[in-house]
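All ligand and atom numbering here is 1-based and tracks the order in the structure.
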Amino acid sequence: MKYISTRGSAPALDFDDALLAGLARDGGLYLPEAWPVLTPETLTGLAGRPYAEIAARVVAPFMAGSTLLGELDEIAAETYAGFSHAATAPLKQLGPNLWMMELFHGPTLAFKDFALQFVGRLFDRLLRKRGQRITIIGATSGDTGAAAIEACRGLASVSIFMLHPKGRVSPVQRRQMTTVDAPNVHNIAIEGTFDDCQDLVKALFADEAMRDEYGFGAVNSINWARVMAQIAYYVHAALALGGPARPVAFAVPTGNFGNVYAGLGARRMGLPIPRLIVGSNRNDILTRYFREGRMEMAGVTPTLSPSMDIQVSSNFERFLFDLYGGDGAALAEAMAAFRRDGRLDPGADRWKAATAIFEGHRFDDEETVAAIGRLYRETGELIDPHSAIGIEAARAASLDPSIPVVALATAHPAKFPDAVERATGQRPALPEAMADLEAREERCATLANDLPALKSFLRERATTQGAA
Ligand SMILES: *Cc1c(COP(=O)(O)O)cnc(C)c1O
């Protein structure tokens with residue numbers, strides 16, 4: 001399988017190189033040259049199989065030609081054995097045709113574990129085969145940092161340096177990062193904002209000599225392998241509800257469009273998914289596009305669902321590539337204009353094609369809290385603010401009521417206990433395996449918002465040997 005860039009001018013790569021590359025050299029995102037299709041017989045044969053087996057069968061065609069293909073079953077088994085629920089991604093019925101898929105039984109209690117636990121293992125095995133090392137550098141305001149650290153802990157060929165703004169991430173999120181006791185994990189609290197952290201990371205990547213010496217890499221959501229791994233839970237849920245014979249729709253709380261794009265992937269692979277319903281918080285560039293046909297950047301507003309506080313949804317470019325008929329040059333021009341002008345109007349025909357599949361609904365904090373309270377009163381279930389937006393989007397969808405809708409629950413309620421308590425009067429408890437999080441020892445350096453200080457910190461701790 002070859003991977004091509006959405007901007008058309010970077011060379012096509014095989015799976016292994018696309019895995020390590022992340023962003024393409026022309027600034028685009030990698031996509032498979034052609035979408036593999038699973039026949040109805042193959043899909044039916046997967047119904048009822050364990051999650052790890054479904055995951056391996058779904059991702060195998062995307063990894064055709066990879067040196068890791070022979071180890072795929074083992075990698076998938078190892079990845080999902082670390083999840084705490086026997087069903088890995090259990091479905092709960094909330095209403096006559098409304099379901100919730102719980103994607104928070106991984107080690108950091110958010111859906112990002114599904115992809116990062118898998119991709120961390122792919123990275124490690126591939127780098128060891130090549131005799132290379134990589135230094136992952138990232139900035140986080142919450143979930144991503146914890147999931148990335150948990151995915152990289154203890155890997156022989158990876159070191160990870162994660163920056164967070166000091167005092168500005170929630171205590172649970174901070175502790176999930178800083179209590180990981182592994183020699184290759186380095187937490188850094190920066191005296192500054194999240195934007196300062198991101199600027200420092202960008203400045204590090206801009207130092208080409210250092211980048212090459214230490215083999216800097218990223219595990220952000222533009223990595224193709226993350227999208228690919230997420231397709232599996234859409235397939236798993238659809239099969240459980242009678243697919244592929246029966247159509248199933250999905251509702252997804254979205255920031256970067258990375259999760260819901262994997263739902264589109266499941267549709268491309270042959271599952272009848274008539275509708276993908278996007279839920280936004282007040283940072284609603286996507287729902288505005290689906291409603292009005294134009295994209296307009298706006299400043300980021302902090303909300304109760306911070307993992308969706310995003311101005312530009314990076315993975316949307318993968319969908320735009322389809323809307324532009326696979327014309328990378330035309331999309332490169334459109335994206336440059338979007339950066340320059342802060343607005344993009346892809347035109348009426350593309351909007352029509354987009355809204356044939358997607359619809360979007362936006363909820364502010366008050367509506368989010370009301371939704372958490374309402375579901376608790378109706379069913380006794382506690383849900384986190386991100387999941388609440390997905391469930392509300394499912395309820396708001398304009399859809400034939402005979403079609404089941406699965407709303408994706410992306411975080412455990414105990415990750416956002418204040419909002420849940422405000423809505424329900426109940427403070428959700430952490431799962432037992434994490435109940436002692438408060439008591440665990442934290443390991444974290446504090447640095448000023450200062451690039452030279454960060455660089456010397458890195459030089460003291462990162463290894464250069466055989467950098468990728
Ligand atoms: C990251 C995250 C999201 C948003 O996912 P995208 O792939 O960026 O759309 C939603 N909910 C939670 C809990 C998250 O951590």
Side-chain angles (χ1 to χ4, degrees), residues 29 89 100-117 119 138-151 164 169-170 172-173 176-177 194 219-231 233-234 250-265 276-287 289-290 300 303-319 358 360-363 368 371-372 382-393 407-417 419-420 428:
L29 279 66
M100 161 165 88
M101 172 160 53
E102 294 183 352
L103 296 175
F104 51 70
H105 297 288
T108 72
L109 311 181
F111 87 94
K112 291 185 175 72
D113 290 329
F114 274 84
L116 281 168
Q117 285 290 313
V119 172
T140 187
S141 54
D143 282 348
T144 311
I149 285 174
E150 195 61 46
H164 71 263
V169 301
S170 84
V172 173
Q173 288 177 325
Q176 281 189 323
M177 296 192 282
F194 175 61
V219 285
N220 47 22
S221 75
I222 50 95
N223 194 298
W224 162 256
R226 280 182 65 176
V227 174
M228 169 189 88
Q230 291 167 3
I231 297 173
Y233 50 70
Y234 289 89
F250 290 89
V252 188
T254 294
N256 259 322
F257 205 70
N259 192 350
V260 71
Y261 185 78
L264 186 67
L276 289 164
I277 305 145
V278 162
S280 306
N281 62 25
R282 281 186 60 188
N283 302 292
D284 61 348
I285 186 165
L286 288 172
T287 54
Y289 174 67
F290 293 128
V300 178
T303 71
L304 292 177
S305 42
S307 299
M308 290 154 51
D309 291 347
I310 277 160
Q311 175 170 227
V312 176
S313 306
S314 48
N315 269 289
F316 197 65
E317 181 166 338
R318 290 195 158 104
F319 181 53
F358 289 96
H361 299 277
R362 162 204 132 124
F363 304 95
T368 305
I372 297 171
L382 294 177
I383 49 169
D384 100 288
H386 305 80
S387 308
I389 286 174
I391 290 169
E392 283 307 282
L408 275 54
T410 51
H412 191 285
K415 284 199 99 162
F416 302 93
V420 178

Problem - Interatomic spacing from CZ in R226 to CG in N259 - rounded to 0.5 Å - result: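 So the gap between those two atoms works out to 10.0 Å.
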Practice task
Within a distance under 4.0 Å of any heavy atom of K112, pick out the atoms of ligand 1 and give their elements.
Solution key: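 Atoms satisfying the 4.0 Å criterion: 1 (C), 2 (C), 3 (C), 14 (C), 15 (O).
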Please list the nearest protein heavy atom to [atom] with its residue and the distance rounded to 0.1 Å.
atom: atom 9 (O) of ligand 1; result: G255 N, 3.0 Å
atom: atom 12 (C) of ligand 1; result: T410 OG1, 3.4 Å
atom: atom 6 (P) of ligand 1; result: N256 N, 3.6 Å
atom: atom 7 (O) of ligand 1; result: N259 N, 3.0 Å

Exercise for the section: Would you kindly say whether R318 and N315 are connected by a side-chain donor-acceptor distance under 3.5 Å? Expected result: yes
Practice task
Verify whether one side chain among D309 and N283 offers a donor that lies under 3.5 Å from an acceptor in the other.
Solution key: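 Yes, because at least one side-chain N or O of D309 sits under 3.5 Å from a partner of the opposite role on N283.
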Checking [X] side chain against [Y] main chain: does a donor-acceptor pair fall under 3.5 Å?
X: H164; Y: V169; result: no
X: K112; Y: A148; result: no
X: S387; Y: T410; result: yes

Handout entry: N/O separation below 3.5 Å, P253 to ligand 1
Key =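 N/O-N/O distance below 3.5 Å does not exist for this pair.
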Handout entry: Mode of F111 contact toward ligand 1 - side chain, backbone, both, neither (heavy atoms, under 4.0 Å)
Key = side chain
